[in-house]
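Have a look at the structure below, then the notes.
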There are 2 protein chains.
Amino acid sequence: MSRGIPEATVARLPVYLRVLRELDSEGNDTVSSVHLAELAGVNAAKVRKDLSFLGSYGTRGVGYEVPYLIFQMSRALGLTHERGVVIAGAGHLGQALANYRGFSDRGFNIVAMIDVDPSKIGMKMSGVSVVGPEDVVDVVNAHPGCIVVIATPQSAAQAVADRAISAGVKSLLNFAPGVLTVPDDVRVRKVDLGLELQVLSFYAEQQERSSAGAKSA
Amino acid sequence: MSRGIPEATVARLPVYLRVLRELDSEGNDTVSSVHLAELAGVNAAKVRKDLSFLGSYGTRGVGYEVPYLIFQMSRALGLTHERGVVIAGAGHLGQALANYRGFSDRGFNIVAMIDVDPSKIGMKMSGVSVVGPEDVVDVVNAHPGCIVVIATPQSAAQAVADRAISAGVKSLLNFAPGVLTVPDDVRVRKVDLGLELQVLSFYAEQQERSSAGAKSA
DNA sequence: TAGATTGTTAATCGATTAACAATC
DNA sequence: TAGATTGTTAATCGATTAACAATC
């Protein structure tokens, strides 16, 4: 029994896919693991290993057929059919996400925004209807398998997640800082802007200290 | 010669710090690795190992002094002094970042936004002045060690990065999809919204296929 | 056939975690 | 002292990568 595709591999598939689409639009019919690796910024053996999890779609001595690999990869990622995305929080971040390019051409369809602000409810923002929190269940029911993006303040994040989960949502993308508590069968991915800045700050600090040390030495 | 703190550890420090601040505000004087691990959602041995990279700040039989650990961790992360942040791109995402809470109380100071739109240049958005691209050098010089956040469309991202780097910037946070080419001494962290959704889509698809399979079996 | 490149095995590397001596 | 908990070592685990037989 296969243990499934490793997380690290799954996270690289979208990178390969972006590169492959670019190659395709430039008219490339085939690509070798070495070339694909270079464009994706990874090791060629890693590319071959990653792709082998999807199946044996290459040809020895030749490489991979670009359009076919795009198809297989899109299929694996579930991008060959529409998937609904609900954005919770119609603030700047929510609007930025609603405006984000490259959603629709990957099969993602923003079906609604949710906000508590009565002055926003009923409006359309970037072509997306804003509804109140009590409508989450209806929206989720109308779009089975949809992903809920939490772009609310931290104070509202858990409540929004709870409501979405009780409506049947299994996938959350969380932009609020802090941890969400969810059942085992719900998958959460987290984007933490503060964390990213702090990591950069750590390395910047290191660099500054070592160069200050070199100066005084 | 120490090989430096592992990347994975550095990325967990901000998580520990958030938990520690919470504990502190609740009046906890000390915390054990077991408790801290629980709150941070990681293994206790990992916590002890991670913290040991910072130094021996715990007391056997007792645990870690919360305020002291906060201080040491903040120092390691370079959060005990101000650091400038420049946001390139004054669209929805840029504004969302300018509004983001938890920057200032971690020492991050948004010093300017950059945009090409003449109607935005000269304005203040969320209290931050918007300047034109040609002013990047001045802003960066006025705030040595600052971090540049790229919240522009992909088409402008590399040019913005190049300009910032030539002005001396060493840390970039990139929200544009696609790869940035930068010199070795420049550190880039990337947040890729499309990638996150595609990863969620992969697992959602798997879940749906297996439950469909179970149904037909 | 000769050259190229995959798919996979086996080696390497690094990160996680269990275990425990040190010690408060 | 007895109990608790750190700091660190050593074992485990998983991911990366080099190497190469298979094969186009």
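These numbers come from the heavy atoms of this one structure, side chains and all, not from hydrogens, waters or symmetry mates. Each chain gets a letter, A, B and so on, in the order the sequences are listed, and its residues count up from 1.
A/R60 contributes no side-chain N or O that forms a donor-acceptor pair with the base of D/dT23 under 3.5 Å.
The closest side-chain donor-acceptor pair between A/Q72 and A/Y68 falls under 3.5 angstrom. For the residue pair B/E82 and B/H143, no side-chain donor N or O sits within less than 3.5 Å of a side-chain acceptor on the partner.
Among D/dC24, C/dT5, D/dA18, the nucleotide with an atom closest to any side-chain atom of A/S32 is C/dT5. Side-chain proximity of B/N43 to D/dC20, D/dT8, C/dT17: nearest is C/dT17.
Per the geometry, CG belonging to A/D50 stands 7 Å off P belonging to D/dT16, to the nearest Å. One can place CG of B/L54 at 14 Å from P of D/dT6, the figure rounded to the nearest angstrom. Atom pair B/E38:CD and C/dT17:C1' shows a separation of 17 Å (rounding to whole Å applied). Atom-to-atom, NZ of A/K46 to P of C/dG14 comes out at 13 Å; the value is rounded to the nearest Å. D/dA4 atom C1' lies 16 Å from atom NE2 of B/H35, rounded to whole Å. The separation between B/E7 atom CD and D/dT16 atom C1' is 15 Å, rounded to whole Å. Atom CD in A/E65 sits about 15 Å away from atom P in C/dT5, given to the nearest Å.
In a base pair of the Watson-Crick type (N1 to N3 plus N6-O4 or O6-N4) or a G-U wobble (N1-O2 and O6-N3), with each distance short of 3.5 Å, D/dA22 is matched with C/dT5. For D/dC13, the paired base is C/dG14 (Watson-Crick or G-U wobble, both distances below 3.5 Å).
Close to D/dA15, at under 4.0 Å from its OP1 or OP2, lies no side-chain N or O of A/R12. Phosphate proximity of D/dT6 to B/S33: present, with a side-chain N or O under 4.0 Å from OP1 or OP2. Distances shown here put every side-chain N or O of B/Y64 at or beyond 4.0 Å from the OP1 or OP2 atom of D/dA4.
Across all strands, A/Y57 comes closer than 4.0 Å only to sugar-phosphate atoms, never to a base (heavy-atom distances).
Position along DNA chain D of the nearest nucleotide to A/G61 versus A/R48 favours A/R48 as the more 5'-ward residue. The residue among B/K49 and B/V62 whose nearest nucleotide of DNA chain D is located toward the 5' end is B/V62.
Relative orientation of the B/F103 and B/F108 rings is perpendicular, given thresholds of 30° and 60° on the angle between their planes.
Counting only distance, with no hydrogens or angles, the side chain of B/S201 and the backbone of A/L77 share a donor-acceptor pair below 3.5 Å.
The line from CZ of B/R75 to OG1 of B/T80 is 7.5 Å long, rounded to the nearest 0.5 Å.
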